[in-house]
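Accompanying notes for the structure given below.
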Amino acid sequence: MYWSRTLIPTSREAPTDADILSHKLMIRAGLIRRISAGVYDWLPLGWRAMQKINAVIREEMNAINAEEIHMPALLPAELWKQTGRYFDYGALLFKLKDRKGTEMILGPTHEECVTELVKAYVSSHKQLPITLYQIQTKFRDEARPRNGLLRVREFFMKDAYSFHSSLESLDRTYHDMYDAYVKIFQRCGIPAIPVEAESGPIGGDASHEFICPCEAGEDIVVRAADNSWAANLERAGRSTPVPTFSAAPQMPEAKLDRIQTPDAAAIDAVCKLLNIQSTQMIKTMVFRSGDAKTGKWIVACVRGDHEINEAKIRRIAGPVELADEAAARAAGFVIGYVGPHVANTIEAELIIDPDALLTANATSGANELHWHVTNFNWKQHLSADVQAKAIIADIRNVTAEDKAPNGTDLIFSKGIELGHVFKLGTKYSDALGAVYSDDKQQSHSVIMGCYGIGSGRILVGALETLSDADGIRWPMAIAPFHVIITPIKYDGQAREVADRLHKEFSARQIDVLVDDRDQRPGVKFKDADLIGIPLRIVLGDKSLATGQVELKERSKKDPEMVSIDKIVEHVTKLVRT
RNA sequence: CGGGGCGUAGCUCAGCUUGGCUAGAGCGCUUGGUUCGGGACUAAGAGGUCGCAGGUUCGAAUCCUGUCGCCCCGACCA
């Protein structure tokens with residue numbers, strides 16, 4: 001391709017609304033253009049990179065016998081109502097009506113659709129296992145799209161779904177996928193660490209996320225200092241054993257004191273007012289499970305300096321949500337001033353984190369507006385009945401004071417979630433009736449796994465982690481062009497050589513861009529660095545006179561001189577390895 | 001959804017507080033000249049319903065109301 005014939009709108013300045021490096025570079029290098037919040041045009045350079053990423057993904061998917069299909073983005077809402085996700089997904093789901101008034105959605109993911117497909121055609125164990133995938137546009141009406149391509153409303157995703165007649169078979173495919181993911185990110189040249197993630201209904205080792213470590217990321221990864229283990233913060237568990245209620249301190253002489261704390265609901269405010277440490281406090285939060293009629297209250301307690309981990313609560317109590325404030329108040333919870341002993345008077349499931357349980361003479365809410373209590377102790381101030389039913393469980397986020405499973409220190413870092421592999425179980429096949437017959441004519445729900453990669457996020461990860469002050473540095477595998485030819489002046493011998501090399505590289509399937517613009521050399525060099533093509537061939541009069549061209553790798557400081565008749569071979573070698 | 005900020009040329013922004021000449025600058029763009037190995041210089045130009053609607057006023061980019069759009073922080077840490 002010739003620069004003058006394509007569209008590469010580079011710019012010296014980044015728009016003010018771009019905050020993170022990758023976003024700035026994508027705009028400056030002319031990869032994408034925003035058309036609406038979280039919705040982008042893909043320009044030639046961006047699109048080329050995207051295609052290369054998808055090509056890598058395709059190759060690795062095909063290599064493990066996953067077969068590509070294509071499902072529609074426009075889906076009937078009915079299908080989603082059958083699994084309940086029409087409601088569970090909430091506002092994140094784009095909803096619309098067709099001309100007949102039929103409710104439709106734009107697919108944010110395709111479990112329903114693919115399960116429906118398999119239900120229609122797979123009925124025997126002999127047809128299993130099977131893995132189908134697609135690379136397709138997903139739609140999610142994000143509350144707050146942000147940071148360029150990091151969180152968008154329309155994006156590319158490779159989503160694969162596997163179907164099995166046994167958990168062992170699911171395990172095999174899961175591991176194949178896991179390995180394929182490792183290869184994909186390696187080939188794309190970006191760092192990605194697999195971490196344990198929330199595992200859902202199957203439990204155990206059923207879910208991994210692949211995280212690209214970088215500051216721009218929205219996820220928090222916890223890993224062992226010796227890299228022996230890593231997990232999503234949601235998932236990371238305490239390393240010390242969970243005690244039973246009897247481990248609570250015995251403080252027979254302690255007396256529960258009420259103390260006035262006007263307008264001090266937050267932990268920090270109370271600590272300041274009473275001049276105590278947050279470790280001396282018990283934080284109590286109220287959750288609600290089930291619907292308004294059948295649901296129950298859940299009172300969760302952690303030490304004041306700890307954060308409640310809602311995913312862990314869900315693991316114990318099933319689907320829960322933080323209680324609606326008005327509803328909780330109506331039920332008698334003094335939101336802002338709730339203490340654990342509220343369970344003495346209001347019927348609720350009490351879940352206590354071990355560190356909260358071991359806190360003696362704690363300060364907590366008094367269950368009265370503008371009042372707290374001090375010297376709270378579990379054994380004295382909970383009724384016998386409540387003590388007997390209380391659940392002691394790990395329900396907080398780990399902190400730097402915790403240890404990895406092997407006892408080493410924990411390190412916390414941010415990262416971008418690039419992909420996710422997940423053992424689904426029979427959630428969707430149950431809901432939609434996707435069953436197969438085994439060899440004894442017994443009917444079973446198909447066992448499923450699902451595996452996603454956000455292709456756009458690979459691009460974000462590459463720019464975030466590999467760029468330098470001058471611009472992008474594409475890994476060869478996903479570079480929009482392998483080589484850029486920069487004639488100092490596109491004229492005379494330089495022009496002849498540029499055209500000839502263009503032809504020869506193209507014939508070898510090497511993607512080449514000739515900067516044929518009538519620009520000063522400085523402009524061309526700056527732009528070449530900015531758009532980050534891995535190899536640059538400079539054609540200048542002086543070197544051409546000696547039968548040589550200058551070859552510079554974007555990631556290296558100094559160029560090398562290569563004779564004209566060797567350059568094609570030389571570059572081909574660099575591109576292929 | 002809550003809070004904050006911003007909408008003026010393709011891009012980055014000034015002007016607005018205190019209403020008043022033909023609405024400005026830099027970058028980019030067009031044409032000419034000089035330049036030509038790391039974002040050149042110069043001359044002449046093109047380009048704007050000041051987001052939109054309404055209001056106040058003799059007069060609105062500027063004040064008021066509404067509305068749309070965009071960005072940032074937060075979203076359950078009581």
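B:U35 and B:C41 have their P atoms separated by 16 Å, with the value rounded to a whole Å. A distance of about 14 Å separates the C1' atoms of B:G47 and B:A23, rounded to the whole Å. Here, B:G10 and B:A53 have their C1' atoms 26 Å apart, quoted to the whole Å. Going from the C1' atom of B:U18 to that of B:A60 covers 14 Å, rounded to whole Å.
Residue pairs meeting the side-chain hydrogen bond (donor to acceptor under 3.5 Å, both in side chains) criterion with at least one member in residues 527-538 of chain A, sequence neighbours excluded, are A:Thr10-A:Asp527, A:Arg517-A:Asp527.
Using Watson-Crick or G-U wobble geometry with both donor-acceptor distances under 3.5 Å, B:A61 finds no partner in any strand shown. For B:G37, there is no paired base (Watson-Crick or G-U wobble, both distances below 3.5 Å). Figure legend. B:G48 is base-paired to no nucleotide; pairs are counted as Watson-Crick or G-U wobble with both atom distances under 3.5 Å. Remark: B:G28 base-pairs with no nucleotide; criterion is Watson-Crick or G-U wobble with both hydrogen-bond distances under 3.5 Å. Pair assignment for B:G74: B:C1, on the basis of Watson-Crick or G-U wobble contacts that are both within less than 3.5 Å. Across all strands shown, B:U56 forms no Watson-Crick or G-U wobble pair with both key distances under 3.5 Å. Base pairing of B:G7: its partner is B:C68, meeting the Watson-Crick or G-U wobble criterion (both donor-acceptor distances under 3.5 Å).
Counting any heavy atom pair closer than 4.0 Å across all strands shown, A:Asp518 reaches no nucleic acid atom. Within 4.0 Å (heavy atoms only), A:Arg151 reaches no atom of the nucleic acid at all. At a threshold of 4.0 angstrom between heavy atoms, the contacts of A:Lys542 with the nucleic acid are absent. Using a 4.0 Å heavy-atom criterion, one finds that A:Val338 contacts no nucleic acid atom at all. At the heavy-atom level, A:Ala18 lies nowhere under 4.0 Å from the strands shown. Among the heavy atoms of the strands, none lies under 4.0 Å from A:Val302. Residue A:Thr284 is in base contact, counting any heavy-atom pair closer than 4.0 Å across all strands shown. Within the nucleic acid shown, A:Arg28 comes within 4.0 Å of at least one base atom, counting heavy atoms only. A:Ile308 comes within 4.0 angstrom of no nucleic acid atom, judged by non-hydrogen atoms across all strands. A:Arg144 comes within 4.0 angstrom of a nucleotide base, judged by non-hydrogen atoms across all strands. No engagement by A:Pro9 is indicated, since no non-hydrogen atom pair under 4.0 Å with the nucleic acid exists.
Annotation for A:Asp541: atom CG does not count as buried by contact number, only 12 or fewer foreign heavy atoms lying within 6.0 Å. Counting non-hydrogen atoms of other residues, nucleotides and ligands closer than 6.0 Å to CZ of A:Arg329 gives a total above 12.
A salt bridge links A:Lys403 and A:Asp409; the closest N-O separation between the charged side-chain nitrogens and carboxylate oxygens is under 4.0 Å.
Looking at A:Asp541, its side chain has no donor and acceptor atom pair within 3.5 Å of the base of B:G37. You'll find a donor-acceptor pair under 3.5 Å spanning the side chain of A:Arg520 and the base of B:U35, going by distance alone. Counting distance only, with no hydrogens placed and no angle test, the side-chain atoms of A:Glu550 and the base atoms of B:G37 include a donor-acceptor pair under 3.5 Å.
Annotation: cation-pi pair A:Arg288/A:Trp297 present, NZ/CZ under 6.0 Å from the ring centroid and within 45° of its normal.
At the phosphate of B:U12, neither OP1 nor OP2 sits under 4.0 Å from any side-chain N or O atom of A:Ser11. Contact check, A:Asn309 against B:C77: no side-chain N or O comes under 4.0 Å of OP1 or OP2. Contact check, A:Thr16 against B:C13: a side-chain N or O comes under 4.0 Å of OP1 or OP2. Of the side-chain N and O atoms in A:Arg12, one or more sit less than 4.0 angstrom from OP1 or OP2 of B:G28.
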Practice task
Decide side-chain hydrogen bond (donor to acceptor under 3.5 Å, both in side chains) for A:Asn147 and A:Asp19; before the verdict, give the C-alpha distance in whole Å, the side-chain angles of both, and the deciding distance to 0.1 Å.
Solution key: CA-CA 6 Å; A:Asn147 286 331; A:Asp19 218 42; over 6 Å; no
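For A:Gln519, counting side-chain heavy atoms from C-beta on, the closest listed nucleotide (B:C29, B:A75, B:A40) is B:C29.
Take the nearest nucleotide of RNA chain B for A:Ala37 and for A:His306: the residue whose nucleotide is more 5' is A:Ala37. Residue A:Asp527 is the one, among A:Ser36 and A:Asp527, whose nearest nucleotide of RNA chain B lies closer to the 5' end (criterion: closest heavy atom).
Between the NE2 atom of A:His23 and the P atom of B:C70 there is a distance of 13 Å, given to the nearest Å. To the nearest angstrom, P of B:G38 lies 15 Å from NZ of A:Lys489.
Separation of atoms CD1 (A:Ile211) and CD (A:Glu209) is listed at 4.5 Å; rounding is to 0.5 Å.
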